[in-house]
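One structure below.
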Amino acid sequence: MMHFQKRHSVLPGFGLTLGFSLFYLCLVVLIPLAALALKAASYGWGAWWNATTAPRVLASYRLTFGASLAAALVNAVFGLVVAWVLVRYRFPGRRIVDALVDLPFALPTAVAGIALTSLYAETGWLGRPLATLGLKVAFTPIGVGVALVFIGLPFVVRTLQPVLEALDPEVEEAAASLGASRLEAVRRVVLPAIAPAWLTGVALAFARALGEYGSVVFISGNMPMKTEIAPLVIMTKLEQYDYAGATAIAVTLLVASFLLLGAINLLQAWSARRGAVE
Amino acid sequence: MNRLTNPRTTLAALALLAFAGASAPAQEILNVSYDPTRELYQDVNAAFAAQWKAKSGKTLTIQQSHGGSGKQARAVLDGLAADVVTLALAYDVDAIAKGGLIAPGWQQRLPQNSCPYTSTLVFLVRKGNPKGLKDWGDLAAPGVSVITPNPKTSGAARWSYLAAWAWALRQPGGSEATARTFVTRLFKNVPVLDTGARGSTNTFVQRGIGDVLLAWENEAFLSVRELGPDKFEIVVPSFSILAEPPVAVVDKVVDKKGTRAVAQAYLEFLYSPEGQAIAAKHYYRPRDKAALAKAPVRFPELKLVTIDEAFGGWANAQRTHFADGGTFDQIYAQ
């Protein structure tokens with residue numbers, strides 16, 4: 001395999017496509033991000049530090065990162081279950097369920113936010129029974145989590161599905177015939193094989209949640225210090241024509257996300273290596 | 001519903017316009033406005049275009065764009081080619097002037113501080129007013145739930161915040177300290193801070209949250225008319241703030257496009273008897289006494305104070321109350 005890749009003359013057009021890819025990435029991703037960083041750099045450290053360490057901003061970071069992580073973890077578990085069911089079993093209506101998974105991709109986030117708020121507000125179908133149990137969802141951090149779970153689900157399911165499909169059930173049967181219990185087969189055979197894709201899906205869901213604005217502002221209630229997400233703080237800064245403050249918070253968010261995604265990538269590489277060794 | 005998704009549609013429409021505008025020979029101007037004026041300017045545009053056609057023989061197309069006032073001002077600053085702006089606060093027009101697109105002293109170029117119509121902030125309550133809310137003081141009572149958008153992101157919310165503050169200052173023994181305490185108690189009664197006025201209306205009307213909505217007077221009239229007087233009623237406090245939404249020609253844009261004459265005439269039309277009658281029809285308070293008398297609703301009489309009288313202008317009010325670390329932030333810092 002390695003030998004084949006090194007020669008890479010078998011596939012033509014390497015120079016052209018690489019050049020185009022770099023150009024395209026610069027145009028679409030790097031230039032806007034560089035402009036952001038440049039803008040932030042022009043304000044000086046003092047202003048940057050003041051803008052990013054105000055208690056209200058710190059509270060919004062805590063909520064954004066906390067709720068995003070919680071939502072990603074929920075999706076890690078239930079997304080895996082959904083993907084597993086969709087790949088491994090044949091049942092009536094499977095195609096419909098499969099299509100449903102994509103809905104959060106397609107639905108405008110504001111629509112999702114309004115729908116979820118109607119549902120989970122204390123007057124809503126789900127909010128009312130939950131409120132009698134003493135659980136308030138809309139206009140609390142839990143509501144933020146609910147919206148983020150909704151928009152993050154397809155990322156986990158759609159990255160896991162092809163890997164699960166490629167995983168031959170015969171491998172599990174072989175494990176069983178070699179005396180592994182069902183739990184052992186899952187733990188020793190299935191999980192290592194899907195771990196890299198699983199992590200990717202969770203990382204994607206997490207990253208998507210960090211930047212989510214449209215759906216969350218409707219369900220969160222936007223109370224300062226309590227349910228205000230970082231992207232909303234950026235919007236409020238812009239509303240005061242405080243471009244410096246907005247940029248500073250945005251860059252901090254970006255750097256933190258970048259570091260976290262980097263860490264997840266490392267973890268993924270490590271688990272892929274471990275999977276390969278076993 | 002379409003109002004909520006509108007900023008995107010507006011943008012898409014504008015992008016299309018940019019292409020269409022280049023080739024069409026007919027005259028075209030763009031009015032960049034804030035959220036609740038959509039219906040008002042639809043009527044104004046039709047009436048003015050007809051008048052302009054009769055006077056000059058030219059076909060005039062007037063495009064309109066709506067969104068949060070601050071967002072709209074930023075779009076103009078960032079290059080949206082608005083011939084005129086009709087925004088919620090002088091502060092936002094000032095921001096455009098500071099960016100060099102509008103000449104300083106713009107507010108003296110048209111009568112009445114460049115505000116052809118006014119509005120105010122009133123209370124919308126549920127039918128029968130079950131909590132018996134009559135004036136600002138009642139809103140801070142324990143157990144009352146108040147719905148208002150976030151003053152950080154909404155022009156309407158800034159007006160109502162300042163109205164509450166000014167009311168408290170004018171109470172017997174009122175001072176900055178008592179005003180601060182009062183507004184703090186009032187905002188402790190606010191369970192949700194939506195980002196815009198329309199979002200708050202949804203929270204109050206559709207989700208049934210809250211006992212009272214702090215609303216633009218014209219929006220309150222509209223809600224009662226559209227949703228039924230059997231569900232909501234308007235409570236007029238003893239005192240409120242005179243909201244003056246200003247209009248201005250964007251000098252840089254009209255000079256470049258050569259549309260100054262028509263843009264100027266468009267804004268002056270707002271002051272004409274016909275323009276004033278249209279404003280009254282949409283529940284904005286016309287400046288013109290005759291139009292006021294013929295208005296479809298009786299605008300309640302209450303003591304109204306302007307922002308210049310009460311706070312020494314928007315720049316001051318913004319700095320003291322809504323900038324980072326201002327009185328609004330302090331409510332939540334405690």
Side-chain angles (χ1 to χ4, degrees), chain A residues 47 50-51 54-60 107-111 113-125 127-128 131 136 138-140 143 213-214 216-229 231-246 248-249, chain B residues 1 3-9 68-75 77-78 89 91-92 94-96 98-99 145 147 149-155 157-158 187-188 190-196 199-200 202-203 206-210 318-319 321-326 328-334:
Chain A
N50 284 340
R56 199 164 147 221
V57 177
L58 290 179
S60 78
L107 205 61
T109 52
V111 176
I114 292 166
L116 288 171
T117 313
S118 302
L119 214 52
Y120 284 101
E122 268 174 75
T123 50
W125 290 350
R128 205 193 311 255
K136 284 182 69 176
F139 316 125
T140 66
Y213 176 80
V216 178
V217 289
F218 289 100
I219 200 170
S220 68
N222 306 323
M223 299 304 284
M225 306 298 292
K226 293 198 197 98
T227 57
E228 201 177 37
I229 53 168
L232 178 71
V233 176
I234 295 176
M235 288 300 290
T236 67
K237 297 264 179 203
L238 285 177
E239 212 64 34
Q240 303 161 48
Y241 304 100
D242 179 6
Y243 289 78
I249 297 171
Chain B
M1 208 58 184
R3 288 167 199 251
L4 288 161
T5 51
N6 199 275
R8 278 186 203 171
T9 12
S69 190
K71 202 178 295 163
Q72 295 291 77
R74 276 200 313 282
L77 273 172
D78 289 341
L89 321 169
Y91 178 70
D92 290 324
D94 278 337
I96 301 173
K98 228 184 267 173
S145 170
I147 304 299
N150 191 335
K152 289 267 191 181
T153 50
S154 153
R158 264 174 258 176
F187 271 84
K188 297 281 180 209
V190 178
V192 183
L193 288 168
D194 284 292
T195 50
S200 281
N202 266 336
T203 300
Q206 310 290 346
R207 308 206 207 311
I209 295 171
Q318 180 75 27
R319 191 164 49 242
H321 298 287
F322 309 120
D324 283 348
F328 177 70
D329 278 356
Q330 287 163 24
I331 291 175
Y332 294 96
Q334 285 147 9

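Chain identifiers are assigned alphabetically (A, B, ...) following the order of the sequence lines, protein sequences preceding nucleic acid strands; residue numbering begins at 1 within each chain.
If you measure heavy-atom distances from B/Gln318 to chain A, the contacts under 4.5 Å come from the side chain alone. For A/Thr117, the parts sitting under 4.5 Å from any heavy atom of chain B are the backbone and the side chain alike. For chain A, no part of B/Arg319 is nearby; none of its heavy atoms comes within less than 4.5 Å.
In this structure, the side chains of A/Met235 and B/Lys71 come closer than 4.5 Å at one or more pairs of heavy atoms. When side chains are defined from C-beta on, B/Ile331 does not count as touching A/Pro224, because their heavy atoms never get closer than 4.5 Å. Counting heavy atoms from C-beta on, the side chains of A/Phe218 and B/Asn202 never come closer than 4.5 Å. Looking only at side-chain heavy atoms (C-beta outward), B/Arg207 and A/Ile114 come within less than 4.5 Å of each other.
Minimum interatomic distance between A/Ala121 and B/Ile209 (heavy atoms only, all atoms of both residues): CB-CD1, 4.3 Å. Residue B/Asn150 comes nearest to A/Asn222 through the heavy atom pair ND2-O, 4.1 Å, listed as atom of the first residue, atom of the second, then distance. Shown here for B/Thr195 and A/Leu232, the closest heavy-atom pair between the two residues is CG2-CD1, 3.5 Å. Scanning both residues, A/Tyr241 and B/Ala95, for their nearest heavy atoms gives CZ-CB, 3.4 Å.
By the salt bridge (charged side-chain N to carboxylate O under 4.0 Å, His left out) test, A/Arg56 is found to be paired with A/Glu228, B/Asp329, residues two or more places apart in sequence or in another chain being considered. Residues passing the ring-ring contact (aromatic ring centres under 6.0 Å, His included) test with B/Phe187 are B/Tyr161, B/Phe328, sequence neighbours excluded.
Between chain B and the residues A/Lys237, A/Met225, A/Glu239, A/Met223, the largest count of heavy-atom pairs under 4.5 Å involves A/Glu239. Heavy-atom pairs under 4.5 Å with chain A were tallied for B/Leu193, B/Val190, B/Asp324; the largest tally goes to B/Leu193.
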